[in-house]
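Data block below; observations after.
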There are 2 protein chains.
Amino acid sequence: MTIESSERLLTPGEVALMFRVDPKTVTRWASAGRIGSIRTPGGHRRFRESEVSALLADLTMEASRTSA
Amino acid sequence: MTIESSERLLTPGEVALMFRVDPKTVTRWASAGRIGSIRTPGGHRRFRESEVSALLADLTMEASRTSA
DNA sequence: TCCAATTCGGGTAATTTGGGCG
DNA sequence: GATGTCCAAATTACCCGAATTG
């Protein structure tokens, strides 16, 4: 194997754990276009780790700003 | 020339990394005819890099859905 | 030929999907 | 409008031993 995985992909369950929400909610975010998603040929969603992390960091930043 | 240098072949493990799935799943895609596969004399599957990339690109959309 | 890693096969859990409800 | 939960069906993940790969 000599493939360079330029972008890590996350499963709905993994993203759900990161945000502490139900996987169904992550699915809704994808359907609403709030998060870009890749579908496997079987129809399951995969999310870009960079995009998810950025969004998470964004929300975290807003939270601290609000609470401050 | 008879040998096409663009005829790069990928192993099930490499394709699995690209889609963030189990190599076994890639095998199922091949068996189901979702992806074209080539068999080695020993029975192992190989996938065309161009075909896999195209498939991945097709399923990668919906990242920028803002206007309708 | 030997060896480490991968990929066969099958079989069985776990996850994901989609719709509808509160 | 946004989440979480229930349901059935589909897809995917992990288990094994044996074979292929390089």
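Letters go in sequence order (proteins before strands), and every chain restarts at 1. Note that this is a predicted model, so its numbers are computed, not measured.
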- Task: Provide, to the nearest angstrom, the distance between the CG atom belonging to L59(B) and the P atom belonging to dT12(D).
- Result: 11 Å
- Message: Does the protein touch nucleotides 15-22 of chain D at the base, only the backbone, or not at all? Give it as B, S and - per nucleotide, heavy atoms under 4.0 Å.
- Response: -----BSS
- Within residues 23-42 of chain B or reaching into it, pairs that qualify as ring pair (Phe, Tyr, Trp, His ring centres under 6.0 Å) - sequence neighbours excluded: F19(B)-W29(B)
- Taking only residues at least two apart or on different chains, which pairs with a member in residues 15-27 of chain B satisfy salt bridge (charged side-chain N to carboxylate O under 4.0 Å, His left out)? E14(A)-R20(B)
- Checking dA13(D), dG9(C), dG4(D) against the side chain of T27(B) (C-beta onward), the nearest is dG9(C)
- Message: Whether W29(A) contacts dA2(D) is assessed here as follows: a side-chain N or O lying under 4.0 Å from the phosphate OP1 or OP2. Is that the case?
- Response: no
- Message: Taking the axis from the first five pairs and the axis from the last five, what angle separates them in the helix from dC3(C)-dG22(D) to dG19(C)-dC6(D), rounded to 10 degrees?
- Response: 60°
- Any side-chain N or O of R45(B) under 4.0 Å from OP1/OP2 of dC8(C)? yes
- Item | 4.5 Å side-chain heavy-atom contact, R48(B) and L10(B) | no
- Item | Distance, rounded to the nearest Å, where L10(B) contributes CG and dT7(C) contributes P | 11 Å
- Sequence neighbours left out, what passes side-chain hydrogen bond (donor to acceptor under 3.5 Å, both in side chains) with S53(A)? Give chain and number order. E49(A)
- Are any of T25(A)'s side-chain N or O atoms less than 4.0 Å away from OP1 or OP2 of dT3(D)? no
Show me, pair by pair, the donor-acceptor contacts under 3.5 angstrom made by side chains of residues 31-47 of chain B, not counting sequence neighbours?
unit_1 : atom_1 : unit_2 : atom_2 : d
S31(B) : OG     : T27(B) : O      : 3.1
R34(B) : NH1    : P41(A) : O      : 3.2
R39(B) : NH1    : G43(B) : O      : 2.5
T40(B) : OG1    : G42(B) : N      : 3.3
T40(B) : OG1    : G43(B) : N      : 3.3
T40(B) : OG1    : H44(B) : N      : 3.0
T40(B) : OG1    : H44(B) : O      : 3.4

- Members other than L17(A) in its cluster, when Ile, Leu, Val, Met, Phe, Trp, Tyr link by side-chain heavy atoms under 4.5 Å? none
- R28(A) side-chain proximity, nearest of dT7(C), dT3(D), dA13(D): dT3(D)
- Single-linkage hydrophobic cluster V26(A)~L56(A), side-chain heavy atoms < 4.5 angstrom: yes
- Can you tell me how far P of dT16(C) sits from CG of D22(B), to the nearest Å? 14 Å
- dA2(D) pairs with, by Watson-Crick or G-U criteria that keep both distances under 3.5 Å: none
- Stretch residues 30-38 of chain B: residues that reach within less than 4.0 Å of DNA chain C through a heavy atom: none
